[in-house]
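To find a chain, count down the sequence lines: A is the first, B the second, and so on, and within it residues start at 1.
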Protein chains: 2
Amino acid sequence: MTEGAGTTLTDYPRPSVAVDVAVLTVHESALFVVTVDSPRGLALPGTFLHPGERLSDAAHRVLQSKAGITALQFHQIGMFDAPDRDDRGWVLSMAHGAAVPYGSLPIGVKVVRIEDDRPSQPLSFDHSDMVVLAVEDLRRRYASNIDPSLLLGEEFTLLELKQLYEVVFGNRFPKDTFRRHVSPALDGTGATSVAAGGRPAELYRRKVGAVLPETASALLRS
Amino acid sequence: MTEGAGTTLTDYPRPSVAVDVAVLTVHESALFVVTVDSPRGLALPGTFLHPGERLSDAAHRVLQSKAGITALQFHQIGMFDAPDRDDRGWVLSMAHGAAVPYGSLPIGVKVVRIEDDRPSQPLSFDHSDMVVLAVEDLRRRYASNIDPSLLLGEEFTLLELKQLYEVVFGNRFPKDTFRRHVSPALDGTGATSVAAGGRPAELYRRKVGAVLPETASALLRS
DNA sequence: CTAATAGTGTCTCTGAGACACTATTTG
DNA sequence: CAAATAGTGTCTCAGAGACACTATTAG
């Protein structure tokens, strides 16, 4: 690999490498993405990579420091490499996706609604494109596994799960069909949620290692 | 995004950014990946990013210069960022995947067979992991579209397509079931291939914009 | 009781996979 | 003709989606 034959690195000018994170969340039957105010306008939280730092560590660091957010997993969405994408110079940015429960966000965090799979307000740089890709990645992951980002807690009712999936995929699902698609990947605890004016719903847990069948994907993407 | 508030870039040390390419091809009923000899052993073709260069341009450049290969599309597979992954220093590498027909490879190109979804010989650095991800990406793309990398030409018979898919997915498919899954995404030309000891097969073209249904994915991944 | 929500039995109809048949070529 | 490969008609059975019914709570 990688150039020449020696044991020294080339002395080409090197790019700055940044990390931007699209933190998605669900609230009021809609998807939202966390944003911060920057000198260049509304943007995703981002930072430059520190020496020797891992990309996911930088993603973790910037969420903590700029928004007080702790996310469990970061997913590489794509490297944005247009030479003129940042007018401060040559900056490559590794876009990351993450998802956190709305209730875990610190108060004061700015979120932008996602409508028609795009941010409802334009973001700076190429950050809107990053959000689009992050939503696609979220759907791909949610079509294979049950709420892998733990937007719901460890236990949840099937209604809660269905409503979450309806927001993530922007679709409606019949309750019986939805149930039969996802239940093979769930373990029912005996416990029930508190009744909300009707029969109490059973609480379910994700089965360890369970994956949704390909047929579930067909339903979800209608 | 991205640190501080000013209009200047930070003066942190910057990583070298490399591009490595896993060029996959199909030959003798098996998947292969193109490799090059490097001072550190068998490796994927790779190069450092030149100033202002796009990642895909670097991928194109390294294939041309190191192996004489021209690929049509490059897919970002993942950014490999372990700080100690390269003993020459701090080198991030953007792994790319590509696929080219075996017949388009220049003579003398070294290929390594892929067995059980891994290179049959260990590669240097983290390049074996890159190949694993490139194969996954290839399958994801081939499950959604008909031979999107044009490993077959513009026209092909259904037998050729089936054999290609059997290699890519490491599966066998019944000819009639396979046909019924893929034919909605194909246009039949009237023409036929030259007979090979039996009835000549019709030649098909990819329908523009056609995608394979989710159900096809279930068959392919058996 | 009624209202409200949770969960399931069951019917229908599509369509995937299997099998066998027909079609078209070479020798 | 036989042999070989291409392509299709059709049968069966699983299962997805729809509908309606039962179950369990609150008031």
Side-chain angles (χ1 to χ4, degrees), chain A residues 29 143-144 146-147 152-153 155-166 169 171-207 210-222, chain B residues 29 143-144 146-147 152-153 155-166 169 171-207 210-222:
Chain A
S29 299
S144 300
I146 296 210
D147 184 26
L152 304 175
E155 300 189 349
F156 44 83
T157 67
L158 278 165
L159 177 61
E160 291 166 343
L161 187 65
K162 182 170 86 79
Q163 288 173 339
L164 172 64
Y165 270 73
E166 288 177 338
F169 287 92
N171 262 334
R172 300 295 319 258
F173 308 117
K175 67 166 183 172
D176 48 2
T177 301
F178 181 81
R179 173 184 223 94
R180 282 170 169 126
H181 274 281
V182 302
S183 59
L186 293 176
D187 275 328
T189 71
T192 56
S193 68
V194 291
R199 172 176 170 177
E202 185 167 5
L203 291 170
Y204 293 85
R205 270 191 246 270
R206 301 160 187 82
K207 252 185 196 153
V211 285
L212 291 171
E214 297 281 344
T215 55
S217 187
L219 170 69
L220 296 172
R221 307 189 193 271
S222 68
Chain B
S29 300
S144 300
I146 295 208
D147 184 26
L152 305 173
E155 300 189 350
F156 45 82
T157 68
L158 276 166
L159 178 60
E160 291 166 343
L161 186 66
K162 181 169 88 77
Q163 288 173 339
L164 171 65
Y165 270 74
E166 288 176 339
F169 287 91
N171 263 333
R172 301 292 321 257
F173 308 116
K175 67 167 182 171
D176 48 2
T177 301
F178 181 81
R179 175 185 222 93
R180 284 171 168 125
H181 273 283
V182 301
S183 58
L186 293 176
D187 275 327
T189 71
T192 56
S193 68
V194 290
R199 170 174 169 179
E202 185 167 6
L203 291 169
Y204 292 85
R205 269 191 247 271
R206 300 160 187 82
K207 251 184 197 155
V211 284
L212 292 171
E214 296 282 343
T215 57
S217 187
L219 170 70
L220 297 172
R221 307 188 193 270
S222 67

Under-4.0 Å side-chain N/O to phosphate OP1/OP2 contact, A/His181 with D/dG17: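 A/His181 to D/dG17 OP1/OP2: side-chain N or O found under 4.0 Å.
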How would you give the extent of chain B contacts on DNA chain C, as first and last nucleotide 5' to 3' within a 4.0 Å heavy-atom cut-off?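 Boundary nucleotides touching chain B, in 5' to 3' order, are C/dA16 to C/dT25.
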5'-most contact on DNA chain D: A/Thr192 or A/Pro174, nearest heavy atom basis?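 Its nearest nucleotide being more 5', the pick is A/Pro174.
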[X]: what forms a side chain to side chain contact (heavy atoms under 4.5 Å, CB included) with it, not counting sequence neighbours?
{"X": "A/Thr177", "value": "A/Pro174, A/His181, A/Leu219"}
{"X": "A/Pro213", "value": "A/Thr215, A/Ala216"}
{"X": "A/Lys207", "value": "A/Asp187, A/Ala210"}

Using whole Å, what does the distance between atom P of nucleotide D/dA16 and atom CG of A/Leu220 come to?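 From A/Leu220 CG to D/dA16 P: 12 Å.
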Mind jotting down which residue pairs meet the salt bridge (charged side-chain N to carboxylate O under 4.0 Å, His left out) criterion with at least one end in residues 211-222 of chain B? Sequence neighbours excluded, please.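 Listed by first then second residue: A/Glu214-B/Arg221, A/Arg221-B/Glu214.
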A/Glu155: what forms a salt bridge (charged side-chain N to carboxylate O under 4.0 Å, His left out) with it, not counting sequence neighbours?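 Scan of A/Glu155 (salt bridge (charged side-chain N to carboxylate O under 4.0 Å, His left out), adjacent residues dropped) gives A/Arg205.
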Taking only residues two or more places apart in sequence, or in another chain, which ones meet A/Arg180 in a salt bridge (charged side-chain N to carboxylate O under 4.0 Å, His left out)?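 So A/Arg180 forms no salt bridge (charged side-chain N to carboxylate O under 4.0 Å, His left out) with any residue.
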What I'd like to find out is whether the side chain of B/Val182 reaches to under 4.5 Å of the side chain of B/Phe173, using heavy atoms alone.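 No, side chains not in contact.
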With sequence neighbours left out, write down each residue that passes ring-ring contact (aromatic ring centres under 6.0 Å, His included) with B/Phe169, or none if nothing qualifies.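 Testing B/Phe169 for ring-ring contact (aromatic ring centres under 6.0 Å, His included), a comparison that skips the adjacent residues, returns B/Tyr165.
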Among all residues two or more places apart in sequence or in another chain, which pass the side-chain hydrogen bond (donor to acceptor under 3.5 Å, both in side chains) test with A/Ser222?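 Applying side-chain hydrogen bond (donor to acceptor under 3.5 Å, both in side chains) to A/Ser222 gives A/Asn171.
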Would you mind reading off the bend of the helix from C/dC1-D/dG27 to C/dG27-D/dC1 from its two end axes, five pairs each, to 10 degrees?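 The helix from C/dC1-D/dG27 to C/dG27-D/dC1 shows an end-to-end axis angle of 10°.
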Could you pull out all donor-acceptor pairs under 3.5 Å where a side-chain atom in residues 195-204 of chain B meets a protein atom, sequence neighbours excluded?
unit_1: B/Tyr204; atom_1: OH; unit_2: B/Arg179; atom_2: NH2; d: 3.4

Please write out the pairs of protein N or O atoms and N or O atoms of nucleotides 2-5 of chain D separated by less than 3.5 Å, giving the distance to one decimal.
unit_1: D/dA4; atom_1: O4'; unit_2: B/Gly197; atom_2: O; d: 3.4
unit_1: D/dT5; atom_1: O2; unit_2: B/Arg199; atom_2: N; d: 3.3

